[in-house]
Colleague: 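Shown below is the structure under consideration.
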Amino acid sequence: MKTVYLETFGCQMNELDSELVRGHLESLGYRFAAEPDHADVLLFNTCSVREHAESKAYSRVGIVGKRKKAGEKLILGVLGCMAERDGVDMLRRYPQIDLLCGPGELDKLPMLIDNVVRTTAVNPPLANNIEDRVALAGNTSRRSAALSASADDLETLDLARAFDPDRATSGVRSAYVRITRGCNKFCTYCVVPYTRGAEVHRPPDSIVEECRRLAASGVIEVTLLGQTVNHYRYTHGVAVTLDGREQPQIGPGLSAFRNETIEDPNLTTFAKLLARIHDEVPELARIRFLTSYPKDFGDDVLQVMATRPRICRYLHVPVQSGSNRILKLMNRGYTVEEYLEFTDRVLEILPDASIAGDIIVGFPTETDEDFEMTKDLLRRVPFKNNFIFKYSPRPGTTAITRFEDDVPLEVKKLRNNELLVLQAEIGAAVHANWVGREVDVLVERLTNRTPVASSAPSVADPRITLGSRLTPKKTPHEDAAENAVQVSGRTPGDLITVFQVPTREQAQQLLGTIVRVRIEGSGPLILHGRMVDLTAALPNEIHP
Ligand code: SAH
Ligand code: SF4
Ligand code: F3S
């Protein structure tokens, strides 16, 4: 049997897809290697969202091309959004690529690999038809693709998810769960509606069942995934198979959110879904969700969050720009005022919520004034962090055909850097607010760095730099605590927290558990503190 190397680029959705693909291939007998050199099937699960993401993947494709030219017998597959966006043209330009599989067709991947294996096993290789090694949603129109979702093959990939019985012992106790695929929003700059197709919502019973099974295999944190999770919507009684099982369902138009009666018993809204998962899967210590859309985020969701302690008070809710003119060109569908109304409402109902987002700088026609407005918006909202992107024109989107990419790269870079500095100040203030308080931290990793001194580094501390973690620097204090190990994890509000544990063995034991930490210092992107009580925090006592 072949050995596979699978590398993932792009968003959480892709990380989840890769996990599902891996589970599927493993169940068929494939083994996985951690290094590309130890595998004979190389799979890249790619992202198309910005040009930079694509060039990274292409450079990997180039390396494989050289190995194949040198005579190595390898199979190279490009999966995910790039495959879907570029289509078969990619095969002509990169003959080293053997197969293409779009994100909506991943259930067909084993068949594609099989086809390529069979045709290349003989010398000279048999000619294989393009359709035998390519699975893309491609030409199917969005509408028919969406309709055929009711007889959904891809759903089987989610349903067939492997539940790793070693999760609890390996310390990896966090998992993604898809609630919605695709996107109907068509922001003018974005490829996602083209690569992932129309919005399709999974039946709530499948989602709850998946959460339950993950919890049974040791997961304590789930992150629900969708491009705009608050647009999750499932109408019962319309898409049921003969055996009574509900099927995935196409998302409604945006108008559905205008006059809707959320009390409708036949409707599972995002709020109801959250409540169900919280109430029906009590083993989950943390329930998160990504990404929220600033519009149509009702108080019903905020109320569910306010009344259900295991739903994390964390919102990733990208604003993209602080200029109404640019938001309009982006087709985001809200104004700055509406965004602020929303974040104010969040902080009123959930005062300790943390808010993060994304910003695009240098969108076509963005002036200095527009950019100043984005800065004003940043100053107005206590963002714990913002991912800042330089506008990247994407083939196939409305923006690339409608607007010239007229903001020079130099200006984009300057605006990007300016926002990073501003965001660092805001992030520092948000994090500093937690100093002196106690937080629950889900421990994720040993940082493999020399622990920092216990005196709290300040924002001005040279060891804490923009966009970085901690830069090690030995102090006499650390020499004294030579065996101590630094671990990091996250609070319910997704604030990265580091603290020391006396020994490596204890640190290993804490992986995947939640411990109480008293916060003693902070930086723009980080909290650090001291574990409140090591004995109380050891795994067995926490999870009897
Ligand atoms: N569904 C999410 C975002 C998914 S893409 C949402 O609507 O918020 C993740 C981020 O990439 C976006 O929020 C946006 O900031 C950025 N992005 C998307 N397309 C881009 C482009 N063409 N150029 C630069 N950044 C882009
Ligand atoms: Fe892209 Fe907009 Fe959909 Fe987000 S909401 S995935 S930015 S089209
Ligand atoms: Fe990239 Fe596709 Fe995700 S374009 S951001 S991998 S949905």
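Atoms within a ligand are numbered from 1 in the order they appear, just like the ligands themselves.
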Colleague: Run the contact test for R85 against ligand 3 with a 4.0 Å cut-off on heavy atoms, strictly below, and give the result.
Modeller: no

Colleague: Would you list the protein N, O or S atoms within less than 2.8 Å of atom 1 (Fe) of ligand 3, leaving out water?
Modeller: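 Sorted hits: C47 SG.
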
Colleague: Suppose I only count heavy atoms of F186 and a 4.0 Å limit; which atoms of ligand 2 are within that range?
Modeller: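 Listed by number with element: 8 (S).
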
Colleague: In ligand 2, which numbered atoms sit nearer than 4.0 Å to a non-hydrogen atom of T228?
Modeller: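 The list of qualifying atoms is 5 (S).
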
Colleague: Going by the angle between their ring planes, with limits at 30° and 60°, are F9 and F44 parallel, tilted or perpendicular?
Modeller: perpendicular

Colleague: Is a side-chain donor or acceptor of S354 paired with a backbone partner of G493 at a separation under 3.5 angstrom?
Modeller: yes

Colleague: Under a 4.0 Å heavy-atom cut-off, which residues neighbour ligand 1?
Modeller: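 Residues near ligand 1: V49, R50, Y189, Q227, T291, P318, Q320, R332, D358, I360, F389, K390, Y391, S392, R394.
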
Colleague: Where's the contact between P318 and ligand 2, heavy-atom distance under 4.0 Å: side chain, backbone, both or neither?
Modeller: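 None of P318 does.
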
Colleague: Using a strict cut-off of 4.0 Å, indicate which atoms of ligand 2 neighbour a heavy atom of Q227.
Modeller: 6 (S)

Colleague: Are D17 and N45 side-chain neighbours, meaning at least one heavy-atom pair lies under 4.5 Å?
Modeller: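 Yes, side chains in contact.
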
Colleague: For ligand 2, which atoms, with element, lie under 4.0 Å from some heavy atom of P193?
Modeller: 8 (S)

Colleague: Test of understanding: given a 4.0 Å heavy-atom threshold, classify the contact between Y189 and ligand 2 as side chain, backbone, both, or neither.
Modeller: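 It is the side chain that touches ligand 2; the backbone stays farther off.
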
Colleague: Do me a favour and list the nearest non-hydrogen protein atom to atom 7 (S) of ligand 3 with residue, atom name and distance?
Modeller: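 For atom 7 (S) of ligand 3, the nearest protein heavy atom is R196 NE, 3.2 Å.
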
Colleague: Note the single closest protein heavy atom to atom 1 (Fe) of ligand 2, along with its residue, its atom name and the distance in Å.
Modeller: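 Protein heavy atom at minimum distance: C190 SG, 2.3 Å.
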
Colleague: Quick one: does V61's side chain get under 4.5 Å of Q96's, heavy atoms only?
Modeller: yes

Colleague: Below 4.5 Å, heavy atoms only, C-beta onward: do L42 and R67 meet side chain to side chain?
Modeller: yes

Colleague: Between F270 and F289, what is the ring plane arrangement, given parallel below 30°, perpendicular above 60°, and tilted in between?
Modeller: perpendicular

Colleague: Counting only heavy atoms closer than 4.0 Å, does ligand 2 sit against the backbone of T291, its side chain, both, or neither?
Modeller: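 Within the 4.0 Å criterion, T291 makes no contact with ligand 2.
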
Colleague: Testing V78, I75, L76, L6 for side-chain contact (heavy atoms from CB on, under 4.5 Å) with L43, which one passes?
Modeller: L6

Colleague: Donor-acceptor pair, Q423 side chain versus F383 backbone, under 3.5 Å?
Modeller: yes

Colleague: Among all protein heavy atoms, pick out the one at the shortest distance from atom 3 (Fe) of ligand 2; state its residue, atom name and that distance to 0.1 Å.
Modeller: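 Going by distance alone, atom 3 (Fe) of ligand 2 is nearest to C183 SG, 2.3 Å.
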
Colleague: Would R394 and Y189 count as a cation-pi pair here, with the cationic atom under 6.0 angstrom from the ring centre and within 45° of the axis?
Modeller: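 Ring-cation test returns no.
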
Colleague: Working note: E338 + K295, criterion salt bridge (charged side-chain N to carboxylate O under 4.0 Å, His left out); need CA distance, chi angles, decisive distance, verdict.
Modeller: CA-CA 8 Å; E338 285 167 329; K295 223 172 128 85; 5.1 Å; no

Colleague: Tell me if a side-chain donor or acceptor on T269 pairs with a main-chain N or O of K272 at a distance below 3.5 Å.
Modeller: yes

Colleague: Below 4.0 angstrom from a heavy atom of Q227, which ligand 3 atoms are there? Numbered from 1 as shown, please.
Modeller: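 That gives atoms 7 (S) of ligand 3.
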
Colleague: Between L224 and Y232, is any pair of side-chain heavy atoms under 4.5 Å apart?
Modeller: no

Colleague: Does the side chain of R332 reach to within under 4.5 Å of the side chain of L327, using non-hydrogen atoms?
Modeller: yes

Colleague: After noting the C-alpha distance and the side-chain angles of R85 and E54, does the key distance pass the salt bridge (charged side-chain N to carboxylate O under 4.0 Å, His left out) rule?
Modeller: CA-CA 11 Å; R85 193 192 69 66; E54 292 201 346; 2.8 Å; yes

Colleague: Relative to the ring of F387, is the ring of F389 parallel (under 30°), tilted (30 to 60°) or perpendicular (over 60°)?
Modeller: parallel

Colleague: Name the closest protein heavy atom to atom 4 (Fe) of ligand 2, giving the residue it belongs to and the distance to 0.1 Å.
Modeller: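 Checking every protein heavy atom, the shortest distance to atom 4 (Fe) of ligand 2 gives R332 NH1, 4.2 Å.
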
Colleague: Judged by atom type as modelled, is there a donor-acceptor pair below 3.5 Å linking the side chain of T397 to the main-chain atoms of P393?
Modeller: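 Absent.
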
Colleague: Do any of the N, O or S atoms of C187 sit under 2.8 Å from atom 3 (Fe) of ligand 2?
Modeller: no

